[in-house]
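Read through the structure below, which is laid out as structure tokens, and then see the notes.
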Amino acid sequence: MRARLVLLPAPLLALAGALAASAALTLAAAPARAVPGGDLGTLHNGHWSCDTGGDAATVPRHLPAEDFRIMPDSSYRTPDGKGGGTYVLLGRAMSFTSGPFYGRSYLAQGPNTVLQLDAKGKRTGVRCTRTGAPSGGFADAPEAGVNGAN
């Protein structure tokens with residue numbers, strides 16, 4: 001089969017170029033959206049400490065095995081520093097998408113708090129809040145001991 005060269009008239013060629021440029025500018029200016037979850041986002045970097053929520057009569061109970069450290073590029077590390085993976089934040093819905101915490105889901109309550117959800121999307125009573133310096137939190141952190149981090 002032979003390829004055929006088709007020449008477009010100059011006005012059509014100019015219109016096609018203008019449409020392509022317009023489409024490129026429109027796509028570049030649009031926010032990242034995922035359907036149907038909402039805007040694509042990231043959590044603040046740093047140590048996230050998890051506990052059972054307390055109230056006026058009950059002291060919160062720290063759950064160290066649930067803690068994690070958010071790192072750049074939508075990644076996380078476990079408290080022992082031996083594991084890690086990735087997460088996705090769509091609107092207010094956050095899920096770990098790989099690694100030892102794969103499948104855990106949370107609802108963001110603000111920039112520094114997430115509430116853990118069970119498989120049916122109901123709150124479990126576990127909340128995680130960002131604590132301390134944004135760059136530290138665990139002893140294995142590459143920045144541990146630098147400028148007082150950790």
Side-chain angles (χ1 to χ4, degrees), residues 8 12-150:
L8 295 175
L12 277 178
L13 190 57
L15 179 62
L19 288 173
S22 175
L25 287 174
T26 301
L27 289 175
R33 293 204 183 267
V35 177
D39 291 343
L40 184 62
T42 58
L43 295 173
H44 290 295
N45 291 345
H47 177 226
W48 288 68
S49 178
C50 301
D51 58 48
T52 57
D55 58 28
T58 310
V59 175
R61 187 171 52 98
H62 183 223
L63 304 170
E66 301 291 318
D67 290 358
F68 51 91
R69 182 165 41 102
I70 294 296
M71 300 174 60
D73 303 323
S74 297
S75 61
Y76 75 94
R77 299 290 295 170
T78 57
D80 61 9
K82 296 180 181 175
T86 57
Y87 72 92
V88 65
L89 177 64
L90 298 174
R92 291 178 48 203
M94 191 277 275
S95 296
F96 289 112
T97 55
S98 70
F101 289 177
Y102 171 80
R104 292 186 189 182
S105 297
Y106 301 80
L107 177 68
Q109 285 297 104
N112 297 309
T113 304
V114 294
L115 305 175
Q116 191 178 60
L117 305 174
D118 65 16
K120 294 181 180 180
K122 303 285 184 193
R123 294 180 185 173
T124 64
V126 174
R127 72 171 174 212
C128 302
T129 54
R130 188 171 67 89
T131 61
S135 62
F138 296 122
D140 74 317
E143 65 278 0
V146 177
N147 297 326
N150 205 18

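Here the structure is a predicted model, which means the values were calculated and not measured.
Shortest non-hydrogen contact noted between Thr131 and Ser49 is CG2-CB, 4.0 Å. A pairwise comparison of heavy atoms in Asn112 and His44 identifies OD1-CD2, 3.4 Å as the closest pair. Of all the heavy atoms in Phe68 and Cys128, the pair that sits closest is CE2-SG, 3.9 Å. Of all non-hydrogen atoms in Pro100 and Gly83, the two that sit nearest each other are CG-CA, 4.1 Å. Looking at every heavy atom in both residues, Val88 comes nearest to Thr97 through CG1-CG2, 3.6 Å. Of all the heavy atoms in Glu66 and Tyr106, the pair that sits closest is OE1-OH, 4.5 Å.
Looking at Met94 and Arg104, their side chains never come closer than 4.5 Å, going by heavy atoms from C-beta outward. Annotation: side chain of Arg127 is not in contact with side chain of Val114 (no heavy-atom distance under 4.5 Å). Here the side chains of Leu63 and Arg61 are in contact, with some heavy-atom distance below 4.5 Å. For the pair His62/Asp67, a side-chain contact is recorded, criterion being any heavy-atom separation below 4.5 Å from C-beta on.
If you take CZ on Arg77 and CD1 on Ile70, they are separated by 12.0 Å, rounding to the nearest 0.5 Å. The structure places OG of Ser74 at 6.5 Å from CG of Leu40, a figure rounded to the nearest 0.5 Å.
Without hydrogens or angle criteria, Asp118 side chain to Lys120 main chain gives a donor-acceptor distance under 3.5 Å. Tyr87 places a side-chain N or O within donor-acceptor distance of the main-chain N or O of Leu43, the cut-off being under 3.5 Å.
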Item to complete: Please lay out, stage by stage, how Arg123 and Leu117 fare under the test side-chain contact (heavy atoms from CB on, under 4.5 Å).
Response: CA-CA 4 Å; Arg123 294 180 185 173; Leu117 305 174; 4.0 Å; yes
Worksheet entry | Full working for side chain to side chain donor-acceptor pair (under 3.5 Å) between Ser105 and Ser95 | CA-CA 4 Å; Ser105 297; Ser95 296; 3.3 Å; yes
Item to complete: For the pair Asp80 and Thr78, evaluate side chain to side chain donor-acceptor pair (under 3.5 Å) and give the outcome as yes or no after the intermediate values.
Response: CA-CA 6 Å; Asp80 61 9; Thr78 57; 2.6 Å; yes
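Remark: Ser98 engages Thr86 in a side chain to side chain donor-acceptor pair (under 3.5 Å) (not counting sequence neighbours). Every side-chain contact (heavy atoms from CB on, under 4.5 Å) that Asp55 has, sequence neighbours left out, goes to Ala57, Thr58.
Between Phe96 and Tyr76, the ring-plane angle classifies as tilted under the 30° and 60° cut-offs.
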